[in-house]
Amino acid sequence: MCPLLTEPPLPPFTSPFHLISKKNIEMSPTFSSSISLTSLFSPHHLFFSFLAFLISFLIFFLTHNKTKSKKLNLPPGPHGWPIVGNIFQFARSGKPFFEYVNDNIQKYGPIFSLKFGTRTMIIISDEKLIHEALIEKGAIFASRPRETPTRNVFSENKFTVNAATYGPVWRSLRKNMVQNMLSSTRLKEFRAVRLRAMDKLINRLSSEAEANNGVVWVLKDARFAVFCILVSMCFGLEMDEKTVEKIDQMMKLVLATVDPRIDDYVPILRPFFTKQKKRALEVRKQQIEFVVPFIEQRRRAISKPGSDHNATSFSYLDTLFDLKVEGRKSAPSNAELVTLCSEFLNGGTDTTATAVEWGIAQLITNPDIQTKLFEEIKEIVGDRRVEDKDVERMPYLHAVVKELLRKHPPTYISLTHAVTEPTTLAGYDIPTDANVEIFLPAIGKDPKMWSNPEKFDPDRFISGGEDADMTGVREVRMMPFGIGRRICPGLSMATLHVHLMIARMVQEFEWSAYPQGKKLDFSGKYEFTVVMKEPLRATIKARRSSAAAQ
Ligand code: HEM
């Protein structure tokens, strides 16, 4: 996911998403995820859930006879309670959503259904079924489900690439993002922005190590570096670190606000959540008031070129100011621009930083692979800083990044899909109001497709003769960016950022475990992506006397 966006398993500053125990999320609010029920099961919520359970029986008995005749042949799944469905079973399992899903895969197979209140989720985890849904029947499975009311507020009624239903708005927004911002030609224009951010990353790591006996937090620093790139690309303004941090805090506040609540699944409980609704509207107002001045600054800067010395030559906002969206007469409003900027920032931040954290953890655990990568960097780049153009010439670096994305897809559940018309998959009915969830962890680890899949072995892509096309067009072997019409549009930029960060981090520092000799735990937990359960702290040693930018 890119967990960026504001709703289904993605989230406005939006991202990929998840369910219930603490921090079981997948993406974010301007990325829409369907199932981020982070705080669903607080005692407060459980009380209302109990209430819902009682009311549910009443409604169930009143409506049972009417609904019986419409019964669909849904995929199998655990029998749920009236109204609340499987919510309590999930809560009682005490497991993160992805583990609960895993248990159900063992019981019900590669396609099964869950009922969360009024939402039916159909979870698919098999390569062939995923290929059939997202490629062979791609146009049918290319939509998104309805939003929760809170996410609707932050996504301006689904006015984002990730949340829009399959149709003209989605086409216009996505085409603009891909062609005018993320094409390879456009990406080249931001070379200097990336170089500066990489220098900042190295400087931050150096000063943190100096202050902490060589020890650094990997995720936090990687996250900040990639966020700096995206902020600059989005607003076209050079900002100091403090301002960037404030934008980040606002983004996090929004993500926390759009976290799904039980009343998103059991709407009869809504009257009990008026305080939260009011709070969400306040946060949205705060977000708009905070971001609009940057939008106006950029508007002024491009209307009078040369007037603002902090303005860069091009930005995402420039592509949006006069954007013609199919079926609409007016250009995006300021509130819509805030939402689209949030999506851009959300989509590429946590996802990319998460990949870097897993990658560095693997390089620490496999020092021979780290050495081989460093040797490649020395041979291809020498003593100058690694740049975009070098990445293309480093096959081993490519293999390392591909291997880390195979083993550790940053999101476990793709953004939620929905079908545009009733259809079938594996002989089961897929209704238009179902959330179709693609469960990724097992993809990329199937022993029928990969030799020794548990081993972190970049050489499988070089001497091992294995490969995988991440777009999944021919067959699905690994799909960290999703596949089909809704495949992540940020794929090229994201992989470039991961390549650059890993290469610079290894070029400048030798990485080892903290404390020395510690065996790293590779279990994951949901934050907005699947990060390391124990956040990675590492010891770094500068490889040359001045590790800072040269
Ligand atoms: C390593 C980094 C990233 C990963 C792993 C990732 C992963 C994903 C995944 C799994 C999806 C859902 C695909 C689906 O619906 O089937 C997605 C969608 C999306 N991603 Fe990313 N992403 C990353 C970086 C980015 C970046 C850098 C951007 C742009 C700034 C971005 C923007 C989006 C958008 C806009 C969508 C929604 C596409 C649509 O609905 O048409 N992502 N991403």
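Whatever order the structure lists them in is the order used to number ligands and atoms, beginning at 1.
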* Has ligand 1 got any nitrogen or oxygen that is less than 3.5 angstrom from a nitrogen or oxygen of Ser414? -> yes
* Structure fact -> Among Gly490, Cys234, Gly484, closest by heavy atom to atom 28 (C) of ligand 1 is Gly490
* Asked: Is the closest N or O pair between Thr352 and ligand 1 shorter than 3.5 Å?
  -> no
* Asked: Which atoms of ligand 1 sit under 4.0 Å from any heavy atom of Val161?
  -> 35 (C), 38 (C), 39 (C), 40 (O), 41 (O)
* Asked: Which atoms of ligand 1 sit under 4.0 Å from any heavy atom of Ala494?
  -> 1 (C), 2 (C), 24 (C)
* Atoms of ligand 1 close to His417 [distance to a heavy atom under 4.0 angstrom, numbered from 1] -> 14 (C), 15 (O), 16 (O)
* Asked: Taking Asp467 as the fixed residue, which of Arg474, Arg477, Lys402, Arg460 is the one that meets the salt bridge (charged side-chain N to carboxylate O under 4.0 Å, His left out) rule?
  -> Lys402
* Structure fact -> ligand 1 to Pro410, heavy atom cutoff 4.0 Å, flagged ligand atoms 5 (C)
* **N or O contact, Leu134 vs ligand 1, cut-off under 3.5 Å** => no
* To do: Taking only Lys NZ, Arg NE, NH1 and NH2, and the carboxylate oxygens of Asp or Glu, determine whether Glu326 and Lys175 approach each other closer than 4.0 Å.
  => no
* Would Thr339 and Arg284 count as having a side-chain donor-acceptor pair, cut-off 3.5 Å? -> yes
* For ligand 1, which atoms, with element, lie under 4.0 Å from some heavy atom of Arg174? -> 38 (C), 39 (C), 41 (O)
* Salt bridge or not for Arg504 and Glu508, using N-O below 4.0 Å? -> yes
* **Nearest option to atom 24 (C) of ligand 1, as decided by whichever heavy atom of Ala163, Pro409, Gly347, Gly482 sits closest** => Gly347
* Crowded around Lys324 NZ? As in, over 12 foreign heavy atoms under 6.0 Å? -> no
* Asked: Which of the atoms of ligand 1 are close to Phe344, meaning less than 4.0 Å from one of its heavy atoms?
  -> 30 (C)
* To do: Give a yes or no on whether a salt bridge exists between Arg393 and Asp390, defined as a side-chain N under 4.0 angstrom from a carboxylate O.
  => yes
* With atom 5 (C) of ligand 1 as the reference point, say which of Pro489, Gly348, Pro480, Ser492 has the nearest heavy atom. => Pro480
* Return a yes/no value for Arg144: is any of its N or O atoms, backbone included, closer than 3.5 angstrom to an N or O of ligand 1? => yes
* **Short N-O contact, Arg385 and Glu387, less than 4.0 angstrom** => no
* Between Asp264 and Arg151, does at least one N-O distance fall below 4.0 Å, as a salt bridge requires? -> no
* Have Thr319 and Asn176 got a donor and an acceptor in their side chains that come within less than 3.5 Å? -> yes
* Asked: Short list, please: which atoms of ligand 1 are under 4.0 Å from a heavy atom of Met177?
  -> 35 (C)
* Asked: Which of the atoms in ligand 1, numbered in the order shown and given with their element, are less than 4.0 Å from a heavy-atom of Thr351?
  -> 1 (C), 2 (C), 3 (C), 4 (C), 23 (C), 24 (C)
* Do Glu454 and Lys445 sit within salt-bridge range, that is, some charged N less than 4.0 Å from a carboxylate O? -> no
* Structure fact -> Note: Met493, heavy atoms under 4.0 Å from ligand 1, region reported as side chain
